There are 2 protein chains.
Amino acid sequence: MSTDLLTDESCGLRERKKRETRRALNLAALDLVEEKGFAAVTTEEIASRAGVSARTFFNYFPSKEAAVIGTTAEELESYAAALEEDVHGETPLESLRRILASMLAPSSIDKELRARRRRILLGEPSLAPALVGNNIRIENALTAALERRLGVRPGASLEARLTVAVAIAAVRACIEHQQNGGSGRLERNIDQAFERIGAGLR
Amino acid sequence: MSTDLLTDESCGLRERKKRETRRALNLAALDLVEEKGFAAVTTEEIASRAGVSARTFFNYFPSKEAAVIGTTAEELESYAAALEEDVHGETPLESLRRILASMLAPSSIDKELRARRRRILLGEPSLAPALVGNNIRIENALTAALERRLGVRPGASLEARLTVAVAIAAVRACIEHQQNGGSGRLERNIDQAFERIGAGLR
DNA sequence: CTGCAATTTTGCAGTGACTGCACATTCGGC
DNA sequence: GCCGAATGTGCAGTCACTGCAAAATTGCAG
């Protein structure tokens, strides 16, 4: 239920090709952004390097940004599922710290792509708008998941959305801090941030 | 020092005309978005309704979004100034609650424009990406201001950025909650959100 | 009030993201 | 091999946004 990103359905050639194309586009986009910066990269270039037509690019990603920082529907579901399940005595905030931190850590699956994404994320401040735009989707998915976990109706109370929004904001603040040459390592800062949030801000 | 948005420099005809044009574009944009929705409005239409050429639109706003939800450099400075000054025994978070709430409240200056903006903000979920993009500018300005107030060097510690980011996230969460038909009035929810943040989330 | 300099407006041409559509290609099952 | 479905591709078009240079407007000095 959690290891099916590579092994899953290698049966269908069609499905495999789609995965390959998507990944090729993803890597091409990251490559080019590292080389020339986000603004200087065109969708045509990305498609060309990935070996598909310009039109096909938009069959896979709705925007140039999505090819660089886009979160897959699958990833989204997996995060939501992780938040929904109630791990022994973990508070929602603790679960969120764990899950959001894992999004930045190069995980077992697709290390290269993750590491690449992370480096670009930290190095390109011009991607900030796209990044926060993408966060909206994550926030919505996680909010819905937390509402299910808490057993409240969607939108009934502020609590779930507030918790998720604050947690994401904390991680984002750490990223921005890093971008501006701030002190400390990312993981350590994230831990500190969540501690302060848990203790109450002033 | 705080009442110079209308009275200020009516001396120069040039300056006055610029203000008028900016305002006309702003109102035209809000009008059209209310009528047809953000996506269906073109910059040409906005310019046309405001009585200027299409090219001139981009002399005033860098993007279509900015004409609808853009925060002026002046507004930004005024918020920053408000946060920088240390009001008797107010904690940073309390100051932020006051200032951010005032951004949504139709203030004494330009009531109409503010009220219009607020209505559209709450009614058009499609503007969410643009909204969070705009928030980055606010966050940066307020972070710098808070750092000055706390007497720390820019980017030296996480604290200032974290506090500002969380405060903005809280307000945004309330707005999203409202958009999704959530319960309660906006101001009341904002108050509750800040109380929880101050008390520490779980 | 008149010409001059600075500022602003505008038209034009161009780039690039993104979309709908029709058609070709490929794949999976039979 | 054959057919329906999914996918890839070319084409034409819209629209946001930009740089550039000419035209209009404003401020100012004489």
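Source: prediction; values computed, not measured. Just so it is clear: chains get the letters A, B, ... in the order the sequence lines come, proteins before strands, and each one is counted from 1.
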- Residue pairs passing the salt bridge (charged side-chain N to carboxylate O under 4.0 Å, His left out) test with at least one member in residues 121-132 of chain B, sequence neighbours excluded, are none
- Message: The criterion is side chain to side chain contact (heavy atoms under 4.5 Å, CB included); which residues satisfy it with A:Asn134, sequence neighbours excluded?
- Response: A:Ile69, A:Thr71, A:Arg137, A:Ile138
- Query: Any salt bridge between B:Glu139 and B:Arg161, counting N to O under 4.0 Å?
  - Reply: yes
Starting from [atom2] on [N], measure out to [atom1] on [X] and report it in whole angstrom.
X: B:Tyr60; N: D:dT18; atom1: OH; atom2: C1'; answer: 18 Å
X: A:Lys18; N: C:dG28; atom1: NZ; atom2: C1'; answer: 14 Å
X: B:Leu32; N: D:dA16; atom1: CG; atom2: C1'; answer: 16 Å
X: B:Arg16; N: C:dT8; atom1: CZ; atom2: C1'; answer: 16 Å

- Spell out, as yes or no, whether a donor-acceptor pair under 3.5 Å connects the side chain of B:Asn189 to the backbone of B:Ser183. yes
- Task: Give a yes or no on whether the backbone of A:Leu121 and the side-chain of A:Gln179 come within a donor-acceptor separation of less than 3.5 Å.
- Result: yes
- Message: Treating primed atoms plus P, OP1 and OP2 as sugar-phosphate and everything else as base, which nucleotides of nucleotides 10-20 of chain C get B, S or - for protein heavy atoms under 4.0 Å?
- Response: BBB----SBBB
- Item | Presence of donor-acceptor pair under 3.5 Å, side chain of A:Arg14 and base of C:dT26 | yes
- Message: If I compare all heavy atoms of B:Ile197 with all of B:Ala170, which pair ends up nearest, and what's the gap?
- Response: CD1-CB, 3.4 Å
